[in-house]
Amino acid sequence: QIQLVESGGGSVQAGGSLRLSCAASGDTVSTYWMGWFRQAPGKEREGVAVISYGRNTDTAASVKDRFFISRDNAKNTLYLQMNSLKPEDTAIYLCAASASSPYAAGDSWSRSASYNYWGHGTQVTVSS
């Protein structure tokens with residue numbers, strides 16, 4: 001089974017950028033639907049972006065045109081490029097993998113229950 005380890009989080013001022021990485025081992029990212037989620041204190045886990053087997057992507061409305069998900073098969077790594085960061089983007093960011101399409105079960109890519117495997121997360125803090 002796939003194991004996931006996130007990195008790249010940190011503290012940044014509003015308007016700045018960060019790139020998160022999610023290194024996979026035990027299996028290849030190209031055979032999973034891969035997603036980024038975030039969870040802020042006192043809030044539910046929120047789907048941020050997803051990339052399918054075929055590199056189709058989708059992002060949440062709250063981060064559209066600011067966050068971009070990508071995958072490097074050679075490095076077996078998932079990325080999240082975050083631009084124009086806002087204080088409300090502050091959260092723990094987690095990557096997740098699903099062995100099957102969330103839509104196959106009539107589900108949504110943005111529901112955390114659609115994913116079988118999770119990393120431990122990396123903290124992103126955006127100050128105003």
Side-chain angles (χ1 to χ4, degrees):
Q1 65 184 36
I2 196 167
Q3 291 89 46
L4 306 170
V5 179
E6 303 94 336
S7 63
S11 297
V12 64
Q13 289 194 322
S17 297
L18 283 174
R19 187 176 79 155
L20 305 183
S21 300
C22 174
S25 60
D27 210 338
T28 54
V29 294
S30 60
T31 62
Y32 291 79
W33 278 64
M34 301 293 297
W36 283 101
F37 285 75
R38 65 186 181 185
Q39 188 157 21
K43 293 189 176 181
E44 290 191 2
R45 191 166 292 186
E46 174 189 17
V48 174
V50 68
I51 185 166
S52 71
Y53 314 127
R55 296 185 188 271
N56 293 317
T57 64
D58 203 354
T59 51
S62 58
V63 303
K64 198 169 286 290
D65 297 329
R66 296 191 299 123
F67 289 14
F68 302 93
I69 189 170
S70 62
R71 188 182 75 212
D72 186 329
N73 291 344
K75 295 183 177 180
N76 210 28
T77 300
L78 179 74
Y79 299 101
L80 184 68
Q81 178 66 42
M82 306 188 295
N83 302 324
S84 303
L85 282 160
K86 305 175 181 180
E88 51 264 43
D89 295 320
T90 295
I92 294 174
Y93 283 72
L94 307 101
C95 69
S98 173
S100 59
S101 165
Y103 298 107
D107 216 329
S108 165
W109 71 263
S110 60
R111 284 191 68 236
S112 59
S114 299
Y115 298 81
N116 315 96
Y117 306 100
W118 291 85
H120 292 294
T122 184
Q123 176 71 45
V124 172
T125 302
V126 185
S127 58
S128 58

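Positions are given from 1 along the sequence. Basis for what follows: all heavy atoms, side chains included, without hydrogens, waters or symmetry-related copies.
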*Tell me, with the steps shown, if Y32 and Y117 meet side-chain contact (heavy atoms from CB on, under 4.5 Å).*
CA-CA 10 Å; Y32 291 79; Y117 306 100; 3.8 Å; yes
*Would you sort out whether V29 and I2 count as a side-chain contact (heavy atoms from CB on, under 4.5 Å), showing the intermediate values?*
CA-CA 8 Å; V29 294; I2 196 167; 4.3 Å; yes
*asked:* For a side-chain contact (heavy atoms from CB on, under 4.5 Å) check, start with the C-alpha distance between V50 and Y115, then their side-chain angles and the critical distance, and finish with the verdict.
replied: CA-CA 11 Å; V50 68; Y115 298 81; 3.4 Å; yes
*Verdict with reasoning, N83 to S17, per side-chain hydrogen bond (donor to acceptor under 3.5 Å, both in side chains)*: CA-CA 4 Å; N83 302 324; S17 297; 3.1 Å; yes
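The side chain to side chain donor-acceptor pair (under 3.5 Å) contacts involving residues 84-96 comprise R38-D89, R38-Y93, R66-D89, where partners must be two or more places apart or lie in separate chains. Here salt bridge (Lys or Arg N to Asp or Glu O under 4.0 Å) pairs that include residues 52-64, with residues two or more places apart or in two chains, are D58-K64.
Nearest heavy-atom pair across A91 and A40 is CB-N, 3.9 Å. Contact record, S108 with S114: O-OG, 3.0 Å, taken as the closest heavy-atom pair. Residues I92 and Q123 approach most closely at CG1-OE1, 3.2 Å, considering heavy atoms. Closest of all the heavy-atom pairs between G119 and L94 is O-CD2, 3.6 Å. Across all their heavy atoms, D72 and A74 have their closest contact at OD1-N, 3.0 Å. Closest non-hydrogen pair, G47 versus A60, comes out as O-CB, 3.4 Å.
Grouping the Ile, Leu, Val, Met, Phe, Trp and Tyr side chains by contacts below 4.5 angstrom, directly or via other members, places L80 with V124. Cluster membership for Y53 and Y103, using ILVMFWY side-chain heavy atoms within less than 4.5 angstrom, is shared. Hydrophobic clustering, with ILVMFWY side chains joined whenever heavy atoms are under 4.5 angstrom apart, groups M34 together with V48.
Checked by atom type and distance alone, the side chain of Q3 pairs as donor or acceptor with a backbone atom of Q1 at under 3.5 Å. A side-chain donor-acceptor contact under 3.5 Å links S52 to the backbone of N56.
Of the inter-residue distances, the one linking R71 atom CZ with C22 atom SG reads 12.0 Å to the nearest 0.5 angstrom. Considering CH2 of W109 and OG1 of T59, their distance stands at 6.5 Å, rounded to 0.5 Å. One distance of note links CH2 of W33 with CG of N116; it measures 13.5 Å at 0.5 Å rounding. The line from CZ of R19 to CE of M82 is 11.5 Å long, rounded to the nearest 0.5 Å. Atom CZ of F67 is separated from atom CG of L20 by 8.0 Å, given to the nearest 0.5 angstrom. Note that the OG atom of S30 and the CG atom of L78 stand 12.0 Å from one another [nearest 0.5 Å].
In this structure, the ring of F37 has its center less than 6.0 angstrom from the ring center of W118.
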Taking only distance into account, with no hydrogens and no angle test, what donor-acceptor pairs under 3.5 Å do side-chain atoms of residues 4-12 form with protein atoms, sequence neighbours excluded?
unit_1: E6; atom_1: OE1; unit_2: H120; atom_2: N; d: 3.1
unit_1: E6; atom_1: OE1; unit_2: G121; atom_2: N; d: 2.8
unit_1: E6; atom_1: OE2; unit_2: C95; atom_2: N; d: 2.8
unit_1: E6; atom_1: OE2; unit_2: G121; atom_2: N; d: 3.2

